[in-house]
Amino acid sequence: MNDKPLISIVVPVYNVEEYVSKCIRSILQQTFKNYELIVVNDGSTDDSLGKLQQFSDNRLKIIDQKNKGLSGARNTGIKHAVGKYITFIDSDDWISNDYLEVMINCAKKYNADIVSIKECIVDNENKCHYKNRKFRIFKQNAADALFGFFDTNYAWGKLIKRDIMTKYSIQFPEGRNYEDIGTMYKIYDHANIVVLSNRANYFYSVREGSITFNREIKDIEDKIFFIRRMNNYTLRTNTYDYWDLYVLVKIFSAISDTYKVDNITSKQRRKYIRILYSLAKKHKLRLRYFAITDCISRAFLVRFKLAHLALNIKYRGR
């Protein structure tokens with residue numbers, strides 16, 4: 001009999017004493033039981049570790065380490081994981097009690113390398129916001145699930161075959177913000193089958209103190225760093241339909257960030273925009289992209305060097 005857990009759950013924790021108990025409770029209440037829970041306390045200075053130590057469960061392993069950032073905490077979790085599949089859950093989020101069951105059933109039924117769950121966005125007033133998404137299976141060029149923006153770029157809310165990460169030595173880049181941008185395209189590139197579930201089983205908490213709400217110059221520079229790596233990355237196949245679209249939209253996002261940083265000068269903004277436009281030259285617009293209405297306008301504006309003009313109007317006065 002194989003005593004190894006089928007799923008390894010990795011939860012990075014840093015200064016979330018108000019939220020982490022709810023997260024852990026939601027995991028321990030899962031209807032699917034064959035998992036291990038690896039919680040990495042990443043040098044918290046509040047009582048997060050104390051909150052974790054109040055739980056007693058033989059599936060729970062708490063790793064206490066010096067602060068390495070979100071990427072470092074996830075990488076530590078990957079190092080200690082033994083399950084066939086791995087899933088990442090942020091410590092201020094929570095999951096439904098059938099989160100694991102829904103995903104593992106999809107993984108088994110379709111022999112999926114990645115199963116992605118639909119998220120519910122929970123705002124500061126605890127109101128849930130759901131996005132419509134169809135159930136989809138990607139078998140040929142499976143990475144187009146991500147590259148065509150049918151799926152999200154987040155590491156959380158996914159069930160991933162662990163050997164994709166270990167076999168190809170895929171780790172989250174430490175010391176960089178927006179680490180998912182620098183990691184997820186590599187994971188999807190090595191997937192043969194991707195399933196997108198239309199079940200909303202992951203509850204993503206939006207907090208004003210998160211990176212999502214606070215842009216710094218470092219965020220722009222980190223995105224440029226990742227886009228350069230994308231430009232130099234060798235894809236497993238050259239037959240992906242949406243790779244160019246994916247990179248162009250990421251470039252638009254980085255240009256948009258230059259208008260969201262409070263302490264940026266006009267000279268700095270122009271410098272970053274020039275760099276980003278130069279990185280876009282390698283990527284082409286294709287007719288099939290125009291069927292993806294949510295993304296094509298951003299890719300078009302980047303490819304024809306109009307993004308900064310549109311964003312200047314949107315953020316007039318910044």
Side-chain angles (χ1 to χ4, degrees), residues 12-19 42-46 48 66-74 90-93 121-125 152-156 172-185 204-232 246-281 283 295 297-318:
V13 170
Y14 178 73
N15 288 356
V16 284
E17 61 180 6
E18 296 180 35
Y19 310 97
D42 191 43
S44 295
T45 57
D46 65 359
S48 292
K66 293 182 180 179
N67 182 259
K68 294 183 179 180
L70 177 57
S71 290
R74 283 178 177 167
D90 284 359
S91 53
D92 52 352
D93 300 336
I121 306 297
V122 184
D123 63 24
N124 288 323
E125 297 178 353
T152 66
N153 196 82
Y154 304 118
W156 48 259
F172 291 90
E174 298 185 20
R176 301 279 179 183
N177 292 338
Y178 296 97
E179 62 289 324
D180 294 350
I181 295 176
T183 309
M184 296 308 293
Y185 71 92
Y204 174 72
S205 178
V206 177
R207 295 187 292 120
E208 292 184 0
S210 68
I211 293 174
T212 306
F213 280 90
N214 298 286
R215 298 296 198 280
E216 303 289 343
I217 286 177
K218 175 176 167 49
D219 297 327
I220 302 168
E221 293 179 344
D222 284 351
K223 284 188 176 181
I224 290 173
F225 174 84
F226 291 136
I227 293 165
R228 281 190 170 125
R229 285 202 163 186
M230 290 179 196
N231 273 5
N232 294 323
Y246 181 75
V247 180
L248 287 170
V249 172
K250 295 303 177 189
I251 292 173
F252 181 91
S253 174
I255 294 173
S256 178
D257 280 356
T258 68
Y259 290 87
K260 299 175 184 177
V261 176
D262 290 334
N263 60 343
I264 193 171
T265 66
S266 297
K267 183 178 180 180
Q268 287 174 310
R269 179 181 291 125
R270 288 194 298 270
K271 180 189 76 171
Y272 291 132
I273 290 173
R274 282 196 301 269
I275 292 170
L276 288 160
Y277 279 146
S278 70
L279 294 172
K281 291 178 181 178
H283 302 283
C295 302
S297 59
R298 285 170 279 175
F300 180 91
L301 290 170
V302 169
R303 195 62 190 84
F304 291 96
K305 297 184 178 182
L306 299 171
H308 68 291
L309 297 176
L311 289 163
N312 191 47
I313 294 171
K314 180 177 180 180
Y315 296 102
R316 189 180 299 275
R318 297 205 67 173

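- Taking each heavy atom of S44 and V13 in turn, the nearest pair found is OG-O, 3.6 Å.
- Heavy-atom minimum distance, K260 versus Y315: CE-OH, 3.0 Å.
- A search for side-chain hydrogen bond (donor to acceptor under 3.5 Å, both in side chains) contacts involving Y14 returns nothing, not counting sequence neighbours.
- In this structure the side chain of I224 reaches within 4.5 angstrom of the side chain of Y272, judged on heavy atoms.
- To the nearest 0.5 Å, the span separating CZ on R74 from CD on E174 amounts to 12.0 Å.
- A donor-acceptor pair is defined here as one N or O able to donate and one able to accept, closer than 3.5 Å; such a pair exists between the side chain of N67 and the backbone of D42.
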Evaluate the side chain to side chain contact (heavy atoms under 4.5 Å, CB included) criterion for residues V206 and D123: first the C-alpha distance (whole Å), next the side-chain angles of each, then the deciding distance (0.1 Å), finally the verdict.
CA-CA 5 Å; V206 177; D123 63 24; 5.5 Å; no
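- Under a cut-off of 6.0 angstrom, the local environment of OH in Y154 is sparse, with at most 12 non-hydrogen atoms contributed by other residues, nucleotides or ligands.
- Inter-residue side-chain proximity for I255 and R298 is flagged as unmet; no heavy-atom pair is nearer than 4.5 Å.
- We find the CD1-CD1 distance between I217 and I264 to be 5.0 Å, quoted to the nearest 0.5 Å.
- With contacts defined as side-chain heavy-atom distances shorter than 4.5 Å, the pair S266/R270 qualifies.
- Partners of D222 under the side-chain hydrogen bond (donor to acceptor under 3.5 Å, both in side chains) rule, at least two apart in sequence or in another chain, are R176, K218.
- Counting only heavy atoms from C-beta outward, the side chains of V261 and R269 never approach each other to under 4.5 Å.
- Separating the CD atom in E179 from the OG1 atom in T183 is a distance of 7.0 Å, to the nearest 0.5 Å.
- Counting heavy atoms from C-beta on, the side chains of Y277 and H308 come closer than 4.5 Å.
- Residues L311 and T258 have side chains not in contact (no heavy-atom distance under 4.5 Å, counting atoms from C-beta outward).
- With hydrogens and angles disregarded, a donor-acceptor distance shorter than 3.5 Å links the side chain of D46 to the backbone of E17.
- Between the CG atom in L248 and the OG atom in S253 there is a gap of 12.5 Å [rounded to 0.5 Å].
- Between Y259 and I273, the closest side-chain pair of non-hydrogen atoms falls below 4.5 Å.
- Annotation: the span from D257 atom CG to E216 atom CD amounts to 11.0 Å, rounded to 0.5 Å.
- When atom types are taken as modelled, the side chain of S205 and the backbone of D93 share no donor-acceptor pair closer than 3.5 angstrom.
- To the nearest 0.5 angstrom, I251 atom CD1 is 9.0 Å from M230 atom CE.
- For N153 and Y246, the side-chain atoms include at least one donor-acceptor pair closer than 3.5 Å.
- P173 is listed as a side-chain neighbour of F226, based on a closest heavy-atom distance under 4.5 Å.
- A donor-acceptor pair is defined here as one N or O able to donate and one able to accept, closer than 3.5 Å; no such pair exists between the side chain of D219 and the backbone of Y178.
- Side-chain atoms of R303 come within 3.5 Å of backbone atoms of H283 as a donor-acceptor pair (strictly under, hydrogens ignored).
- Across every non-hydrogen atom of A254 and I227, the tightest pair is CB-CD1, 4.2 Å.
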